Amino acid sequence: METFLGLDYPTWWFLVVGALFSGYAILDGFDFGAGAWHLFLRKEESRRIALNAIGPVWDGNEVWLVIGGGALFAGFPVMYATFFSALYVPFMLFLVFIIFRAIAIEFRSKEPGKRWRQSWDICYSVSSIMLGFLLGVVLGNILLGIEIGPNYLYQGDGFFEFLNPYAIMTGFTSLSLFMMHGAIYLLLKTEGRLFVKLTFLLKKGMIFFIVSFGITSLYTLLYVTHLSDDFRSNPALFIIPLLTFLAIANVPRLASKKKYLMAFVFSSLTISLLLVLVAIEMYPNMLLSTIDPQYNLDIYEAAASNKSMKIMMIIVAIGAPLVLGYTTFVYMTFKGKVEMDENSY
Amino acid sequence: MDTEILARIQFAFTVAFHYIYPPLSIGLGLILVIFESLYIRTKNKEYHQLAKFWTKIFALTFGIGVVTGIVMEFEFGTNWAVYSRYVGDIFGSALAAEGIFAFALESGFLGVLLFGWNRVKPWVHLVSTIGVFFGSMFSAIWIVVANSWQQTPSGYHIVGEGLHARAEITDFWAMVFNPSSVDRLLHVWLGAFLAGSFLVLSVHAYYLLRGRYEDISRRAFRIALIVATVFSLGQLMTGHRSADGVAVNQPAKLAALEGHFEAKAPADMYLFGWVDKETQQVTGVKIPGGLSFLLHYDFEEPVTGLNAFPEDERPPQVNAVFQFYHIMVAIGMTLIGLTLLACFFWWRGKLFDQRWLLWAFVWAVFLPQIANQVGWFAAEMGRQPWVVYGLLRTSDAFSQSVTANQILFSLILFFMVYALLFVLFIYLLNKKIKNGPYNEEETEDRPLTHEIANVLTPKQ
């Protein structure tokens, strides 16, 4: 098999897709988190500040989903096809909520009426909560495996099959992680009374996350044993869960010292490390079959041709510095606490 | 209803709704770049007011365009799994290139475009606007490339058989510059510029008729008129080039566009008509041999007709394809007539006295939109029964594991959401137009001190 710097192309692309989805989870994660807290902020002024904290960047954050989706489509078309058609209902719900969230952000500020704003506030917050939850639900289904039969065809038929207890647990875990992450982001962008209020909310968020994460981890170790096989056969890998625990523990520590920027770095790190864990548990598989392991879909079966992968690597090599360049420019332009002007939401 | 037809309805519905907005974003993007450049060159405040006013409308269209676009990307996986497996090597790389080269550019700079007015220097703001505009143009490149590859595949070979058959890329540039990419891209770009400029024309014509914001509206109307005239004439050429390409690469589609059945005969060109598939007759007003002349500059030269193809390789809805195509052409001609007429009155110095003409422009906003939609329909339905021309049938391309109920559920969901979205869009658009580019009471007949204060602290 053709390799590049010692790794074959499907593995490279597995890393690229993983990196893109981690980037997406970190960036849209704080958006979703900020949105999930929205109804907890009672004052109109606070809600506007919170919205404008993500105002100039949420659309750019969503780009990572589009690029990640495109990268998955290009690199692993078989995975793309099987995955999205198998998890049809949760993805359709995800799309509907992502539409609602976007239009709630866009439309809320366009009318001063109280009822108008209240409706969009609810729409925005509920959508954000559902999006954070659904991402976790999808991840839970990936971890657990789905009913894939011959020819990569999904054989389940349930409308709500995706909503199994384990997926609900992972759903709450991701939602709570994003809420913690989003609260820290909002703390970085606010001051005064809102800032104080958010420090209380962050505490609740951290407790919510640690409890959800604890329950999910315990359940995984006890009942979803196939996920820890890799770790048992290769104890050196235990360094990753260890680092994850350290990263998680560091967030409340830094928050209590009021070092919110570092806390944000560590909540981002937590998101990435958790996805690294998922990647290690899955690799080289992308989808596990609950019918028979011989129908598992691994990266080699799922992959596009080497030629296509090489082209994509060139595209990423040219594109990634550009994307980083203008992302930096936008974040620098709007750095610091939220300042409202007549262009704000 | 079965899965295939539901999946097709869903895709057609979501893409048609999506396609209202990106052309507006591209067209308005161009207009914004022009207004802002003029502001920087002339320092005339009116251009600044225009740029800010149209930015608000731009934001509305852009936001809806983005979210409905995300839906399209993932529908390939959810509803068209076989198709996705088949073309992932090619289609996927175009889609990913769109994300990284185009979408990241436009969405990145969008924040500065919308919220950066008081934060960055005017020229940095202009650069951001250009970034967003170029981003949306680049988006169109990759999306049209991907779609054109479906129309005229090249730069690939087929590996595997049956369910495992798929196209693999052999030559990236041959895929990008497949035989129809460039013609179709130019046609789509110009359609977008027309959608944007006609919206600007419509709104400012309305203000002029109502006697509001007159100075600023005359200025905006003239600029948009230049854009609209240049590109409606240009559209005639890109349209002709596209038709030439279709004749060479997709003869069955061309035959359907004109309702031409006889396998080897000169073809007529219809101004309008009705196709009866059973009798293979078209009733309507025609230029005998017109299509032959258009393609070969000879009224007698034969053109391949539908009967040259096996029954199951012809577009099934010939009349629909014919009608959509002819509506598009008729609208194209109307736009040329309208803009040239306006230019004529402008030249005579009487442009803004022609109230009926201004009214025509108020309503003409719908024409480029309709033309874009029906043009797309003609292109997509003309490609049937293939989803990838000559390679993969639409009836083989949908997701085998998704049930009709699931699609029906999501179709109803999207229908409700999009209906709501559309109502809100129209409501807010209308409101923004009614509010106008600035507060009139404030600007008219106010003391000089007021004016100075306003310059020092720009309000709107």
Side-chain angles (χ1 to χ4, degrees), chain A residues 55-57 59-60 62-63 65-67 69-78 80-86 88-89 91-92 95-96 98-100 102-103 106-107 110 151-155 157 159 304-305 307-308 311-312 315-316 319-320 322-323 326-327 329-330 333-334 341-344, chain B residues 59-60 63-64 66-68 70-71 73-74 76-78 81-82 84-85 88-89 91-93 95-101 103-105 107-112 114-120 131 163 166 168-170 172 399-403 406 409-410 413-414 417 421 424 428 431 459-460:
Chain A
V57 295
D59 202 78
E62 238 159 54
V63 169
L65 174 66
V66 176
I67 300 179
L72 189 66
F73 196 172
F76 302 107
V78 179
Y80 190 82
T82 307
F83 181 53
F84 287 105
S85 56
Y88 189 87
V89 177
F91 273 112
M92 285 296 164
L95 291 174
V96 167
I98 214 161
I99 293 175
F100 268 119
I103 60 171
E106 279 304 327
F107 291 173
K110 303 289 192 276
N151 292 321
Y152 324 119
L153 282 180
Y154 174 65
Q155 307 211 318
D157 52 8
F159 224 72
S305 63
K307 172 96 184 166
S308 177
I311 293 166
M312 296 296 300
I315 290 177
V316 170
L322 291 172
V323 175
Y326 27 79
T327 308
F329 169 67
V330 176
T333 306
F334 297 98
D341 61 23
E342 87 274 5
N343 302 311
S344 303
Chain B
L60 206 56
I64 302 181
V66 169
V67 284
T68 53
I70 294 178
V71 172
E73 178 179 359
F74 290 102
F76 293 120
T78 51
V82 178
S84 294
R85 270 196 287 273
D89 228 54
F91 202 84
S93 53
L95 222 54
E98 191 246 353
I100 203 160
F101 289 135
F103 197 37
L105 180 64
S107 297
F109 282 111
L110 183 75
V112 182
L114 299 183
F115 304 102
W117 291 101
N118 306 333
R119 237 170 253 259
V120 295
L163 252 179
R166 66 186 210 192
E168 276 191 0
I169 201 161
T170 55
F172 180 71
S399 300
Q400 305 293 326
S401 58
V402 175
T403 62
Q406 284 173 316
F409 152 77
S410 60
L413 209 57
F414 278 115
V417 175
L421 207 52
L424 286 165
L428 289 170
K431 208 175 123 117
K459 262 182 109 183
Q460 262 289 335

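As a basis for the values below, the full set of heavy atoms in this structure was taken, side chains included, without hydrogen atoms, waters or symmetry mates. Bear in mind the structure is a predicted one, so any value in this text is a computation, not a measurement. Reminder, nothing fancy here: chain letters follow the sequence lines and each chain counts from 1.
- Looking at B/Ile64, the atoms closer than 4.5 Å to chain A (heavy atoms on both sides) all sit in the side chain, from C-beta outward.
- Looking only at distances, a side-chain donor or acceptor of A/Ser308 sits under 3.5 Å from a matching main-chain atom of B/Asp89.
- In this structure, chain B has a heavy atom under 4.5 Å from the side chain of A/Phe329, while its backbone stays farther away.
- The parts of B/Phe76 that come within reach of chain A are both its backbone and its side chain, each placing non-hydrogen atoms under 4.5 angstrom from that chain.
- Closest heavy-atom contact between B/Ser399 and A/Ser85: OG-CB, 3.7 Å.
- For B/Leu110, the part lying under 4.5 angstrom from a heavy atom of chain A is the side chain only.
- With a threshold of 4.5 angstrom between heavy atoms, A/Ile311 approaches chain B through side-chain atoms but not through N, CA, C or O.
- The two residues B/Thr170 and A/Lys307 make their nearest non-hydrogen contact at O-CE, 3.2 Å.
- Shortest non-hydrogen contact noted between A/Gly55 and B/Phe115 is O-CE1, 3.6 Å.
- Between A/Tyr88 and B/Gln406, the shortest heavy-atom distance links the atoms CE2-O, 3.4 Å.
- The greatest number of non-hydrogen atom pairs below 4.5 Å with chain A, out of B/Gly111, B/Ser107, B/Ala96, B/Gly77, is found for B/Gly77.
- For chain A, the option among B/Ala81, B/Gly99, B/Ala104 with the highest count of heavy-atom pairs below 4.5 Å is B/Ala104.
- At a 4.5 Å heavy-atom cutoff, B/Thr68 makes no contact with chain A through either its backbone or its side chain.
- Rounding to the nearest 0.5 Å places CD of A/Glu106 at 7.0 Å from CG of B/Leu114.
- In this structure, the portions of A/Leu65 lying under 4.5 Å from any heavy atom of chain B include both its backbone and its side chain.
- The nearest pair of heavy atoms linking B/Glu73 to A/Gly69 is OE2-C, 3.1 Å.
- At a 4.5 Å heavy-atom cutoff, the contact between B/Val112 and chain A is made by backbone and side-chain atoms alike.
- In terms of non-hydrogen atom pairs under 4.5 Å with chain B, the most contact-rich of A/Val316, A/Ile315, A/Val330 is A/Ile315.
- For B/Val66, the side chain to side chain contact (heavy atoms under 4.5 Å, CB included) partners are A/Asp59, A/Glu62, B/Phe62, B/Ile70, B/Phe103, not counting sequence neighbours.
- Interatomic distance, CG of B/Leu95 versus CZ of A/Phe73, reported as 6.5 Å (0.5 Å rounding).
- Heavy-atom distances place both the backbone and the side chain of A/Tyr80 under 4.5 Å from chain B.
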Starting from the C-alpha separation in whole Å, work towards a yes-or-no answer on side chain to side chain contact (heavy atoms under 4.5 Å, CB included) for B/Phe74 and A/Ile98.
CA-CA 12 Å; B/Phe74 290 102; A/Ile98 214 161; over 6 Å; no
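- In terms of heavy atoms, B/Thr78 sits closest to A/Phe84 at CG2-O, 3.3 Å.
- For A/Thr333, the parts sitting under 4.5 Å from any heavy atom of chain B are the backbone and the side chain alike.
- For the set A/Phe91, A/Phe107, A/Phe76, the entry with the most heavy-atom pairs within less than 4.5 Å of chain B is A/Phe107.
- The CE atom of A/Met312 sits 7.5 Å away from atom CD1 of B/Ile100, with the distance rounded to the nearest 0.5 Å.
- Interface summary for chain A: among B/Ala97, B/Ala59, B/Gly131, B/Ser93, the most heavy-atom pairs under 4.5 angstrom belong to B/Ser93.
- Heavy atoms of A/Ile103 lying under 4.5 Å from chain B belong exclusively to its side chain.
- Both the backbone and the side chain of A/Val78 have a heavy atom closer than 4.5 Å to some heavy atom of chain B.
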